[in-house]
Engineer: 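Pasting a structure below so you can have a look.
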Amino acid sequence: MRSLHVLLTILVGVAGSLVAYGAVYNHFRPRAGIADPELAFRMIPLELIFGLLMGFWVYRTFGSRLQDGAHPRLDIQERMLFRLLARKGGKITWKDIQDSTPLSEQDARNLLQKWVAEGRLREVGQQEFVLN
């Protein structure tokens with residue numbers, strides 16, 4: 001995933017630079033027939049800066065979604081577990097969680113403890129939880 005993140009950033013940066021070069025080359029009028037290659041050549045540093053800014057923007061905007069080891073969002077985990085509870089009729093066991101979700105044992109345990117503390121769930125046995 002990390003290499004995809006870097007590749008996407010580089011591609012957007014290069015594409016942004018090329019678009020800026022083309023825009024300056026045609027004086028920002030695509031079909032006017034006015035071409036100025038000397039101006040476009042002189043403006044290459046500015047066009048490269050534009051490409052770098054575009055690449056940086058993509059890196060910052062989409063970086064948290066593409067990074068390796070990014071922490072999963074808690075709201076997604078909660079919805080996943082709540083849907084499983086709904087499918088199981090409001091009663092869930094550790095085996096159900098392990099078999100039906102990609103959650104780690106620690107993440108599931110933290111989420112269930114949070115729900116018990118909030119009063120949304122109650123622990124019926126050592127391995128069983130029921131909705132309140």
Side-chain angles (χ1 to χ4, degrees):
M1 257 328 179
R2 183 79 177 154
S3 60
L4 178 65
H5 186 202
V6 171
L7 179 66
L8 178 65
T9 301
I10 290 170
L11 284 175
V12 168
V14 169
S17 294
L18 288 174
V19 167
Y21 180 84
V24 171
Y25 185 88
N26 291 313
H27 291 273
F28 298 94
R29 293 185 218 134
R31 293 190 178 95
I34 304 170
D36 193 352
E38 290 180 25
L39 176 64
F41 182 74
R42 285 192 317 244
M43 299 298 285
I44 284 179
L46 182 64
E47 296 154 1
L48 289 175
I49 289 172
F50 178 77
L52 284 172
L53 289 174
M54 291 297 294
F56 180 73
W57 174 75
V58 166
Y59 183 83
R60 294 287 298 184
T61 302
F62 300 105
S64 64
R65 297 182 192 152
L66 296 176
Q67 287 177 357
D68 290 337
H71 298 292
R73 290 181 27 199
L74 187 59
D75 62 329
I76 293 173
Q77 291 178 347
E78 285 184 350
R79 277 191 305 232
M80 184 186 322
L81 205 52
F82 189 74
R83 286 181 183 153
L84 180 62
L85 268 165
R87 280 196 315 262
K88 298 290 183 176
K91 190 174 186 181
I92 197 168
T93 65
W94 281 109
K95 183 164 176 29
D96 294 334
I97 294 171
Q98 291 171 350
D99 293 344
S100 303
T101 68
L103 293 175
S104 70
E105 184 179 342
Q106 186 61 40
D107 289 339
R109 189 175 305 279
N110 290 342
L111 191 54
L112 291 173
Q113 286 173 351
K114 176 184 167 198
W115 284 359
V116 167
E118 291 174 353
R120 295 169 72 180
L121 277 182
R122 72 177 189 276
E123 197 167 352
V124 181
Q126 290 181 344
Q127 304 267 326
E128 234 174 319
F129 295 89
V130 177
L131 277 174
N132 276 339

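Note that the coordinates shown come from a computational prediction; the quantities given were computed from them, not determined experimentally.
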Engineer: side-chain contact (heavy atoms from CB on, under 4.5 Å) between Lys114 and Arg120: does it pass, once the steps are laid out?
Structural biologist: CA-CA 9 Å; Lys114 176 184 167 198; Arg120 295 169 72 180; 5.6 Å; no
Engineer: The test is side-chain contact (heavy atoms from CB on, under 4.5 Å); show your working for Leu39 and Met43 and say whether it passes.
Structural biologist: CA-CA 6 Å; Leu39 176 64; Met43 299 298 285; 3.9 Å; yes
Engineer: Out of curiosity, Phe56 CZ to Ile49 CD1, how far, rounded to the nearest 0.5 Å?
Structural biologist: 14.5 Å
Engineer: Do Phe50 and Ser17 have side chains that approach each other closer than 4.5 Å (heavy atoms only, starting at C-beta)?
Structural biologist: no
Engineer: Within 45 degrees of the axis of the six-membered ring of Trp94 and under 6.0 Å from its centre: does Arg109 put its NZ or CZ there?
Structural biologist: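 Positive - Arg109 is close enough to the ring of Trp94 and near enough to its axis.
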Engineer: Kindly compute the distance separating CD1 (Ile97) from NZ (Lys88), expressed to the nearest 0.5 Å.
Structural biologist: 10.5 Å
Engineer: Could you grab the distance from atom CG of Leu112 to atom CD1 of Ile92, nearest 0.5 Å is fine?
Structural biologist: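 Here the interatomic distance stands at 6.5 Å.
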Engineer: What distance do Leu103 atom CG and Leu111 atom CG have between them, rounded to the nearest 0.5 Å?
Structural biologist: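 Result: 7.5 Å between the selected atoms.
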Engineer: Should we say atom CZ of Arg83 is surrounded by more than 12 heavy atoms from elsewhere, each under 6.0 Å from it?
Structural biologist: no
Engineer: So His5 and Tyr59, would you call those rings parallel, tilted or perpendicular, with 30° and 60° as cut-offs?
Structural biologist: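 Judged by the thresholds at 30° and 60°, the geometry between His5 and Tyr59 is parallel.
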Engineer: With Glu123, which residues qualify under salt bridge (charged side-chain N to carboxylate O under 4.0 Å, His left out), at least two apart?
Structural biologist: none
Engineer: Is Glu38 atom CD crowded by more than 12 heavy atoms from other residues, nucleotides or ligands, each under 6.0 Å away?
Structural biologist: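 It does not: Glu38 CD has 12 such atoms or fewer within range.
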Engineer: Would you give the length of the straight line joining atom CE of Met80 to atom CG of Asp75, rounded to the nearest 0.5 angstrom?
Structural biologist: 10.5 Å
Engineer: When rounded to the nearest 0.5 angstrom, what distance separates CZ in Arg31 from CG in Asn26?
Structural biologist: 10.5 Å
Engineer: Does the side chain of Leu85 come within less than 4.5 Å of Leu121's, by heavy atoms?
Structural biologist: yes
Engineer: The criterion is side-chain contact (heavy atoms from CB on, under 4.5 Å); which residues satisfy it with Ile44, sequence neighbours excluded?
Structural biologist: Tyr21, Phe41, Glu47, Leu48
Engineer: Please write out which residues are connected to Ile34 in a hydrophobic cluster, directly or through intermediates, given that two of Ile, Leu, Val, Met, Phe, Trp, Tyr count as joined at side-chain heavy-atom separations below 4.5 angstrom.
Structural biologist: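 Its cluster partners, ordered by chain and number, are none at all.
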Engineer: Donor-acceptor check, side chain of Asn110 to backbone of Asp107, threshold 3.5 angstrom: yes or no?
Structural biologist: no
